[in-house]
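The structure appears below as structure tokens.
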Amino acid sequence: MLKALRQHWAVMGGGLAIAGFVVASALLVGNKAIGDIVETELRGRSDSFADVLLTEPDAIDSLLTGISREAETEAKIRQVSNLAGIESFSIFDRNGQEIYKSRSDRYQWMIRDRPGGISTGDSLSPQMLDHTGQWQMVLDDGNSPVSVLQPLYRDGERIGFLSVVADVTADRSAYSNTLVKASAIIAAVLLLATGVPFLLFLRRRRILEEADARIEFLANHDNLTRLLNRRRMQEETDRHLQTARATRERMAYFFIDIDELAEINDRLGQANGDELLRGVARRLRAVCGPDDLAARVGPDDFTILRRRIISPDDAHAFARRLTSVVCAPLEIAGEPIAPRISVGCALAPLDGRNHTELVKHAEIAHLRHKSSKQDDLVLFEAWMDEEAHRRRQIEGVVRQAVENKGFELFYQPLIDGRSHRTIGFEALLRLRDADGNYISPTEFVPVAEARGYIKRIGTWVIREATRQVAEWPDPIFVSVNLSAVQFADGDLIKIVQTALDNAGVSGERLELEVVESLVLDRSDDILDQLRRLKALGASLAMDDFGTGYSSLSYLWRFPFNKLKIDQSFMFALARGEKRVEQLVGTIISMAHHMDMKVTTEGVELREQVEMLDRFGCDIIQGFYFGKPMCAADASQRLLSEMGQGRIKEQTPQRPRRQRSVSAA
């Protein structure tokens, strides 16, 4: 209500002024009407009383002359005057001299209705005597009793004058009360007729204004966090940048991303994830200055335009304060959650003169910070744009390959450690660019992971690898790397089973490789899926063993058939680093004691092969025996070995016991 009064005080004041004017006018007109009514009524009383005097036999003559004035006649006349509401009356002769007065108006305390009347000696003014014809003069000051003076005519001849006095205070009060009630009714009708529609108008206008404000807010702000949205942020940033061209103001544009928000949503639910976003938004506003801009530009992305930056050190200081405030623990669903953020920064006008350039460069710097996590932020540098351009090119190639099955599988031979014959292949993903050149997996695999293509790609790899192994001799198996993403939805077993059924091969001809980090999270769920994969007949291998946590508990808890020693051990051995040979021998010995086979990657030198022979390594993989090759070349290699009689049905053997490390 107070807000409505502040907004519409002028309209309300005008309405009240109009209503007051109408009521005041009604009262003024009513008062004038009351005076006219009283005057008209008194005129009528005077005329009626004059008719009585003139028609009553000898009444007027006895009053004019005083002759033969009978008490009964006078009493009758007084009674008539009282009934007519006349307090007193006076009779004047034709010359204007007062002959008879029913009572004294001056000395009411002395004489009250004296029989026979009195005579005060008053006379009428010459102006009154000069008036001819029938006339009446009313004297009314609004306070005293009203008097009416009129001539008396009989047979066309003026014989005298009659003056009557009546107290109309009660009548006037009754009329005034009626007028006041009528005015109140008029005011009420006016209020109802104008006030109610006006209130309805104000209510409708308030609703429309609130709706307009809501629409404007939604058009310019993010509904969840109440920060600016992307469009409004762009408009405001461009406006400040245009002003900065004249003022030479320096600004910093920050791109902020909440790390692992999807995992938080999966674990705590979308509603709690939204609460986390609101908490982060509140903290962002708290850190920003009054002239800074803050916006939410993506599901977990925020931007800040920091005004009046003096140097890059100011940007670093702001980022440190931002990280300290935003990353403090929040209690969500009864659980303390400490958000982690990645921050990239582009300086204006150095790194861009409009919003498009700034947000592009700040996002590039943010991606660099997300991957490195060095310092509190990464400031954009020109060389990052070239790298980002290369990344965008790769993203386009990956997207086309996913949609059009543009990936290829190469196969690297897996060599038996005793006979040095080919016993299988590891399927390795390859991708060509628009010029037909191969893109390194270290470039396109992270892009595929970031864009959510890994599951589709992994499913295709399983199907293609099982299809290909079906064309090779029965002892040959194919090894496929699995990503943690493929375990997330719980349909991996169905995908593998379908691929085996479609290819018409048994599970024993498929080896599935997983990395150590996979078993760190949701171990019970992963353990169940690994057991079900093993039940299909597939062999399970722990890839890159020795580079991560390498907890021995994984080896007895999870059903692995094989360990793959990471190629970094062979590279270290080639560089002559100490104790590498003893460490490799220990890993092989431990695996054999647990009835697991061992594959060693990255073997490129004969000395490495001889060392692995001494340790009894089961499978060797590396350039020494063959680089990754297309399916046709792999088939040709198998045909060649078959021609030499090196590939035939093999009887399963238990892993060989190696000699002691010290003896080796």
Side-chain angles (χ1 to χ4, degrees), residues 230 233-234 237-238 240-241 244-245 249-261 284 292-307 309-323 326-327 339-400 431 433-435 437-454:
R230 181 188 294 272
M233 184 66 171
Q234 178 175 354
T237 300
D238 284 336
H240 286 304
L241 290 174
R245 294 175 184 174
E249 178 186 358
R250 299 180 64 183
M251 293 175 279
Y253 194 95
F254 295 87
F255 192 98
I256 304 149
D257 170 77
I258 301 178
D259 298 336
E260 300 177 354
L261 179 63
L284 289 178
D292 298 340
L293 303 177
R296 183 188 180 205
V297 297
D300 55 357
D301 298 329
F302 299 86
T303 57
I304 293 176
L305 180 67
R306 180 71 171 170
R307 304 284 303 279
I309 290 291
I310 304 301
S311 67
D313 291 338
D314 292 343
H316 279 282
F318 179 78
R320 283 192 295 272
R321 188 165 71 256
L322 182 71
T323 302
V326 173
C327 296
R340 292 183 296 171
I341 60 175
S342 302
V343 185
C345 178
L347 300 177
L350 178 64
D351 300 325
R353 295 182 176 272
N354 56 55
H355 177 269
T356 302
E357 292 178 352
L358 282 179
V359 70
K360 170 187 171 184
H361 294 158
E363 187 172 7
I364 290 173
H366 138 264
L367 291 174
R368 172 67 57 176
H369 186 240
K370 193 178 188 70
S371 61
S372 65
K373 286 300 181 185
Q374 296 177 355
D375 206 351
D376 296 299
L377 86 162
V378 170
L379 287 174
F380 173 78
E381 297 182 28
W383 60 267
M384 296 180 185
D385 199 11
E386 299 175 2
E387 185 178 273
H389 178 69
R390 171 64 175 170
R391 182 182 176 90
R392 288 192 294 271
Q393 285 182 326
I394 294 175
E395 286 180 3
V397 175
V398 170
R399 183 174 60 253
Q400 291 292 329
L431 178 64
D433 60 18
D435 298 327
N437 300 317
Y438 284 105
I439 303 172
S440 171
T442 59
E443 288 187 284
F444 73 79
V445 170
V447 172
E449 290 177 342
R451 295 305 175 188
Y453 295 135
I454 284 298

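Starting from 1, each residue takes its place in the sequence as its number.
Put simply, the side chain of Y253 reaches to within 4.5 Å of the side chain of H355, judged on heavy atoms. Between R451 and R399 the shortest side-chain heavy-atom distance does not fall below 4.5 Å. Using a 4.5 Å heavy-atom threshold, the side chains of Y453 and V398 count as touching. Contact of the H316 side chain with the D375 side chain is registered, since non-hydrogen atoms from C-beta on lie closer than 4.5 Å. You'll find the side chain of M233 reaches within 4.5 Å of the side chain of L305, heavy atoms only. Looking only at side-chain heavy atoms (C-beta outward), K360 and T356 stay at 4.5 Å or farther from each other. Between L241 and P349, the closest side-chain pair of non-hydrogen atoms is not below 4.5 Å. In this structure, the side chains of T323 and I341 come closer than 4.5 Å at one or more pairs of heavy atoms.
The 12-atom threshold is not exceeded at CZ of R340, counting heavy atoms of other residues, nucleotides or ligands nearer than 6.0 Å. Heavy-atom contacts from other residues, nucleotides or ligands closer than 6.0 Å to CZ of R353 number 12 or fewer.
Here SG of C345 is found 9.0 Å from CG of L358. Values are rounded to the nearest 0.5 Å. Between M251 atom CE and L350 atom CG the span is 12.5 Å, to the nearest 0.5 Å. Atom-to-atom distance recorded for I256:CD1 and L322:CG is 4.5 Å, nearest 0.5 angstrom. Atom CD of residue E363 and atom NZ of residue K370 lie 10.5 Å apart, to the nearest 0.5 angstrom. Note that CD1 of I309 is 9.0 Å distant from CZ of R250, once rounded to the nearest 0.5 Å. Of the inter-residue distances, the one linking L379 atom CG with D351 atom CG reads 8.0 Å to the nearest 0.5 angstrom.
In plain terms, the two heavy atoms of I454 and V445 that are nearest each other are CD1-O, 4.2 Å. A252 and F254 make their closest contact through CB-CE1, 3.6 Å (heavy atoms, listed as atom of the first residue, atom of the second, distance). When all heavy atoms are compared, the tightest approach of P312 to L347 is CG-CD1, 4.0 Å. Shown here for A450 and R391, the closest heavy-atom pair between the two residues is CB-NH2, 3.5 Å.
Comment: R390 does not engage E386 in a salt bridge, judged by the lack of any side-chain N to carboxylate O separation of less than 4.0 angstrom. D292 and R306 are joined by a salt bridge, as a carboxylate oxygen and a charged side-chain nitrogen come within less than 4.0 angstrom of each other.
Side-chain N or O atoms of H369 include one that pairs as donor or acceptor with a backbone N or O of V343 at under 3.5 Å.
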* Between F302 and L284, is a side-chain contact (heavy atoms from CB on, under 4.5 Å) present by the stated rule, with each step listed? -> CA-CA 9 Å; F302 299 86; L284 289 178; 3.6 Å; yes
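Centroid-to-centroid, the aromatic rings of F255 and H361 stay 6.0 Å apart or farther.
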